[in-house]
2 protein chains.
Amino acid sequence: MIDDRMRATGNPGATVWVYDERRRVRDDVASRLVALSFVGRVEVVGDPASLMSRLDTRAPDVLIVGTQRAVDTGLTAATQALRAHPGLPVLVLGAPDDAESVRAAVAFGARGYLRWDASPIEMGLGLSRVGLRPEGARIPQQHSSPQLAGASSWSGATPLAGSAPTTVRSTVREAAPAAALSMREMQVLTGMSQGKSNAQIGRELYLSEDTIKTHARRLFRKLGAKDRAEAVAIGFRRGVMS
Amino acid sequence: MIDDRMRATGNPGATVWVYDERRRVRDDVASRLVALSFVGRVEVVGDPASLMSRLDTRAPDVLIVGTQRAVDTGLTAATQALRAHPGLPVLVLGAPDDAESVRAAVAFGARGYLRWDASPIEMGLGLSRVGLRPEGARIPQQHSSPQLAGASSWSGATPLAGSAPTTVRSTVREAAPAAALSMREMQVLTGMSQGKSNAQIGRELYLSEDTIKTHARRLFRKLGAKDRAEAVAIGFRRGVMS
DNA sequence: GCGGCCCTCACCCCCGCGGGTGAGGGCCAC
DNA sequence: GTGGCCCTCACCCGCGGGGGTGAGGGCCGC
């Protein structure tokens, strides 16, 4: 279960609150948010009372409020929160095609509308639209979302003039100047992404396990990866893996 | 260096030949091709003579021919190959904006044109257009390319009527019916993708290392992953990681 | 010709990963 | 209430991962 201790993460980053009366929804959304590098703490709130009492002592960088069609408790809670804290960035989370909630959300001061089925990357885009983004961020190219190509999962309110963007220290390590991987290194990296052991990769390529280890060490250095898991992640982020 | 032994991979899959006089180019392209699941063997050829002699004994599923602007040796080799083996699927590889080579390639019977800077995913798309694709493939959704959204790196020739698609047995393991990860599991998976050890993840979340291991085991089961490297890869392919 | 990179293999070492099992508590749906 | 899932922690065990180093051969660019 999600208790107070769960909210703590050692990472720096923005604090995001997820409000929804339905536990499944808020936990699911929260679990996708934690995959974002510039999100440090994710906290979940399930009832209006604790939302308001929490807001008395501290405020999140963003408050995400879940809505249900024909149920106005979510929007009511958001309205209350906004009344008490006018500058609070609020995102409304709802069904992909709930145009009514979109309109209602924007009308009463939410900064945008997010589909509940958004991937982490789309959520990141939504958060960036409310001024929250990694330090020194440029629009990612290699490392953007597949879904961004399709139907937008984002409906933005008017651009927020005058609100200074909250720049968050990124935990992303400085990327080396993109050394190209050799063919062998790509083969080894591909094998790693398929859960193969060094010995197994070696057998499939008719090579010694020690040779695979050598290629692995070199590709770790080139990519700046600590281990195979990070190497695979970097491969995907650079777009050289699929 | 790339010798005969390098061509062997234990994987089933299509055989792709890469022809280019420039070693850097052919090795670079080959290294990106090996990341594709349905590509089994990648062989590189550097001169016209060995290309033709190889074709006497066996043929690839696809031949990729690199071209240089104002240098026609590549196209000449491709023409020779096509003359000797009329049905051979040939893709021409060239500069992103080399319209002239595109026209020339299509004119003499190539099945398409591929930009030399294509990512593995784009190359896969190109290969799929010549009828080569993983068994049972549907157009990927979660697991498609960022680049596909941008300028197309593919210029196709006319649709190939009558040529039966070469279906390749996929090495992709059956995916479990997409069990959702809990928030803790996402946090652990995210930490893994950043090269963190279990102990380190535990410290950052104020949890015991044993607890992290437990979450890790469960997320491996849910994702059907053998180890953290494969788990990270599956996370990216499902679109839950960024 | 020399340096640089790639490919190959070997040996040593240590620690962390991954698996199994058990167990207690909490929340929630049925 | 009962079962199911989540979160937490502990102990045991074995093997594989990752780092270091050295070394030989080949191809290539300068």
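Letters go in sequence order (proteins before strands), and every chain restarts at 1.
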Q: Would you tell me if any nitrogen or oxygen in the side chain of A:S182 comes within less than 4.0 Å of OP1 or OP2 on C:dC5?
A: no
Q.
Would you say B:K222 places a side-chain N or O within less than 4.0 Å of OP1 or OP2 belonging to D:dC6?
A. yes
Q: Taking the side chain as every heavy atom from C-beta outward, state whether B:E43 and B:R58 have any pair of such atoms under 4.5 Å apart.
A: yes
**Q.** With A:D98 via salt bridge (charged side-chain N to carboxylate O under 4.0 Å, His left out) - residues at least two apart
**A.** A:R69
**Q.** D:dC27 OP1/OP2 closer than 4.0 Å to side-chain N/O of B:R23
**A.** no
Q: Using a strict 4.0 Å threshold on nitrogen-to-oxygen distance, state whether B:D28 and B:R24 make a salt bridge.
A: no
Q: Report yes if a side-chain nitrogen or oxygen of B:H215 is closer than 4.0 Å to either non-bridging phosphate oxygen (OP1 or OP2) of D:dC6; otherwise report no.
A: no
Q) For B:T211 and D:dA10, is the shortest distance between a side-chain N/O and OP1 or OP2 below 4.0 Å? A) no
Q. Does a side-chain heavy-atom distance below 4.5 Å link A:F236 with B:S193?
A. no
Between the protein and nucleotides 20-23 of chain C, which nitrogen or oxygen pairs come in under 3.5 angstrom?
unit_1: C:dG20; atom_1: OP2; unit_2: B:R221; atom_2: NH2; d: 2.6
unit_1: C:dT21; atom_1: O4; unit_2: B:R217; atom_2: NH2; d: 3.2

Q | C:dG16 OP1/OP2 closer than 4.0 Å to side-chain N/O of B:N198 | A | no
(Q) Which residues pass the salt bridge (charged side-chain N to carboxylate O under 4.0 Å, His left out) test with B:R22, not counting sequence neighbours? (A) B:D20
